[in-house]
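Every chain is numbered from 1 and lettered A, B, ... according to where its sequence line falls, protein lines coming before strand lines. Side chains are part of it too, since the values below use all heavy atoms of this structure and drop only hydrogens, waters and symmetry mates.
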Amino acid sequence: MRMVEVPMAALQRLLGAARMPYIFILPNMLLFTVFVFVPVGLAIAYAFTGGTNLLIWDRPYVGLENFRALLDCGSYLEPSTCRYNLFWTAVHNTWWYTLLNTFGTLFFALVTALVLNRLTRGRGFFRAVFFYPVLLSPVVVGLIWQWFLAREGLLNGFLTDWFDTRIIFLLEVGWSRAWVVYVSIWFHMGFYMLIILAGLQAIPRDIYEAAEIDGTSQWRQFWCLTLPLLTPNLLVVTVLLLIRSVQVFDEAWVLTNGGGPGTANTFIVQFIYQTAFAQELRLYGLASAASVLMGIALLILTLSQLWLAKKAEV
Amino acid sequence: MIAFLTRTRHPGRTDMTDWLAWGWAILGTLVVAIPIAWAVISSLKTEAEINSFPPALVPRAAQTITVEGQTKPLSMWIRTMPDGSEQTVALVRRIGLSATVLDPSKPGETFRVPVAELRQLKELHLQWSNYSEPMKQFNFLRYLWNTVFVTVVATVLTLLLNSMAAFALSKYRFAGRNAMFALILSTMMIPLSVIMVPAFMVIVGLNLADNLWGVILSTVSTPTGVFLLRQYMLTIPDDLIEAARVDAASEFRIYWRIVLPLCAPALAVLAIFSVIWRWNDFLWPLIVLSSPDNYTLQIGLSSLQGQFNVQWHYILAMTVVTLLPVTVVFLFLQKYITEGVASSGVK
């Protein structure tokens, strides 16, 4: 390590010890600047330019045209009346996914956390089991479930055998949407469960002992003690879930073979990805405008999460 | 239903709510384990076995026998005769509901029997070629190597750069410190999905498109890592650093020889997370990398799905290869991972 130590010591003699912290923080700040701060600025700049050229200085300024194009709709409730109906289909899909995924995950995470908190034996084991899927990669999760649900898959094998029927789960709009939500819950539930479980374990035991002595029923203990004491944690988890749901892409994309059937599982991130990278005509401006719109939504959610987290601490 | 969700229980008595809690935990375990276990088992089955129903719990394959006078190996079947006795036969061919079989001990004479009397003989068979074939045919070793390279280099750089920044932020007072810390933390609010288009432009501008370094460099600075390490370094007493300064150690030496070793537990947690993040990354490599020679495992795997969409025996085997390292890490470091998540809220 002398190879680094010697020049660093020389640098210190040159700059003085007081300037060394800047040297320490420099590489990190540089990378953040190049890969985060500059892109944020560029995202906004690109959103106001048109054309298909990659270089920002070769792109014509079009003002709000990209935003206007995205928001040009006969009725926001009916994607087919919009100029970019794929964007609005993606918005609608994301909206429904977010709603179902947030509340579904919240429900299963809460129940599982309460169950694990109650178990006296095997808690560590079950906590590990429920958490394990969180660590898998979205591609692996997408592929495993795609195979499970395939035409010749295990589930259809049982359906054929017992009910003499076969459902092509991932090619039917309703089923595929339901499975995308289910797989997301299956994938991420353990993470939120762990956070809720940590919150549960922070509740002092003696409150329950006092309630027990007063003869409070378990039902009342849950509603009048556990739930109110857990509310701050639950709110933070809910907002966290909302933030992550809006950004759904990987596992849904792999599971549904790129958003299918048709556009039934095309979400906003996929729209941005396709618009910018995966089609002949690379509409970077339009994709950036969509990113900016999504960024604003996420910013509002993130700020409310920070605000809630602050309140939860107090 | 709700009653079992509550916390207290009557000591020494098992009531309904305990049963429900155990039921939920065990059912949930099955829901989590069955798809994964099923994929792992099936990755060792032959192509024919994967699609056969009812599914076999153990990977099996048809038993075959080479018989004199026959060009191909014949599959073995058990024939149950009308009187109940059984006979082992080899199938020569099958036409409609009747089959031409022979007795392996008398290879010369074939005879016809109804198909209904036959039951195929299968034996335990692990189809390791599901693993070895894609390695040879589809560049899979290349993907594996690329992923290992990205994971290792990115993790080392993450630990180094994040700890340096954390050291500056926790052990020095300098102009702009709080602003820089706030800036770093603010990057937590900017998800990749929002900046992926311009981030890719930057990569193109730096001439790092379709380059593994493009994947690595943009991921090594993590606000989570800086925050985690800074919090840990705050607990290291400043007296230690003062003592080293009195002994005329350089600032870098203090960082490298004193603070870094003391941070080992926090570094270990960050290392575990970094390995898991980088190993599983998908969207960013998908954008940056375009030639198959540079694909990481995740991209390679998702492209295999398109390349030969019904060859599940290969896809499953490669899926298992991809999930194995993370599983091993989790088995050994389960406690640190779950505690790290529960305390910091990152995954």
Please tell me whether [X] and [Y] have a donor and an acceptor in their side chains that are separated by less than 3.5 angstrom.
X: B/T327; Y: A/Y132; value: yes
X: B/W279; Y: A/S137; value: no
X: A/R13; Y: B/S250; value: no

Heavy-atom contact with chain B under 4.5 Å, split by part of [X]:
X: A/I23; answer: backbone
X: A/L299; answer: side chain
X: A/A43; answer: both

Specify the closest pair of heavy atoms between [X] and [Y], including all atoms of both residues, with the distance to one decimal.
X: A/P21; Y: B/A168; answer: O-CB, 3.5 Å
X: A/L135; Y: B/V326; answer: O-CG1, 3.4 Å
X: A/F148; Y: B/P35; answer: CE1-CA, 3.6 Å
X: B/E251; Y: A/Q12; answer: N-OE1, 2.8 Å
X: B/P191; Y: A/L298; answer: CG-CD1, 3.5 Å
X: A/F130; Y: B/A25; answer: CZ-O, 3.6 Å

Contacting region of [X] [heavy-atom separation from chain A under 4.5 Å]:
X: B/V197; result: both
X: B/L183; result: both
X: B/N162; result: both
X: B/L157; result: neither
X: B/I190; result: side chain
X: B/V226; result: side chain
X: B/V320; result: neither
X: B/A33; result: neither
X: B/L206; result: side chain
X: B/Y172; result: side chain

What residue in [options] has the most heavy-atom pairs under 4.5 Å with chain B?
options: A/V38, A/V34, A/L11; value: A/V34
options: A/F32, A/Y46, A/Y284; value: A/F32
options: A/G295, A/A198, A/A128, A/G122; value: A/A128

In Å and rounded to the nearest 0.5 Å, what is the [atom1] to [atom2] distance from [X] to [Y]?
X: B/T338; Y: A/R127; atom1: OG1; atom2: CZ; result: 4.0 Å
X: B/S42; Y: A/L154; atom1: OG; atom2: CG; result: 7.5 Å
X: A/M29; Y: B/I184; atom1: CE; atom2: CD1; result: 5.0 Å
X: A/F131; Y: B/F330; atom1: CZ; atom2: CZ; result: 6.5 Å
X: A/L31; Y: B/S218; atom1: CG; atom2: OG; result: 9.0 Å

Next on the checklist: Test side-chain contact (heavy atoms from CB on, under 4.5 Å) on B/T17 and A/Q218; report intermediate values, then the result.
Outcome noted: CA-CA 10 Å; B/T17 64; A/Q218 294 208 334; 3.8 Å; yes
Measuring only between side-chain heavy atoms, which start at C-beta, is [X] closer than 4.5 Å to [Y]?
X: B/D18; Y: A/R118; result: yes
X: A/Y22; Y: B/R177; result: no
X: B/V31; Y: A/Y182; result: yes
X: B/F252; Y: A/P7; result: no
X: A/V134; Y: B/V341; result: no
X: B/M196; Y: A/S291; result: no
X: A/L303; Y: B/M189; result: yes

Checklist entry - Do the ring planes of A/W147 and B/W38 sit parallel (below 30°), tilted (30 to 60°) or perpendicular (above 60°)? => result parallel
Item to check | Backbone N/O of B/L161 and side chain of A/N28: donor-acceptor pair under 3.5 Å | outcome: yes
Considering only heavy atoms and a distance below 4.5 Å, find which of [options] pairs most often with chain A.
options: B/T219, B/N280, B/I287, B/L323; answer: B/N280
options: B/Q334, B/R253, B/M201; answer: B/M201
options: B/M318, B/K335, B/M180; answer: B/M180
options: B/L331, B/T322, B/L286; answer: B/L286
options: B/I36, B/I34, B/I276; answer: B/I36
options: B/S186, B/G205, B/G176, B/A199; answer: B/A199

Next on the checklist: So, applying side chain to side chain contact (heavy atoms under 4.5 Å, CB included) with B/T319, which one of A/L143, A/L136, A/V139 is it?
Outcome noted: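 Of all the options given, the one that passes is A/L143.
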Checklist entry - Just wondering, are more than 12 heavy atoms of other shown residues or ligands nearer than 6.0 Å to CZ in B/R245? => result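 Enclosed.
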Item to check | Ring-ring centroid check B/W284 A/F35, cutoff 6.0 Å | outcome: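 Between B/W284 and A/F35, the centre distance exceeds or equals 6.0 Å.
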Checklist entry - Between A/F126 and B/W22, is a ring-ring contact (aromatic ring centres under 6.0 Å, His included) present by the stated rule, with each step listed? => result CA-CA 10 Å; A/F126 287 117; B/W22 276 98; 5.7 Å; yes
Item to check | ring pair (Phe, Tyr, Trp, His ring centres under 6.0 Å) partner of A/F24, the single match among B/W256, B/Y255, B/F174 | outcome: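 Among B/W256, B/Y255, B/F174, the one that satisfies the ring pair (Phe, Tyr, Trp, His ring centres under 6.0 Å) with A/F24 is B/Y255.
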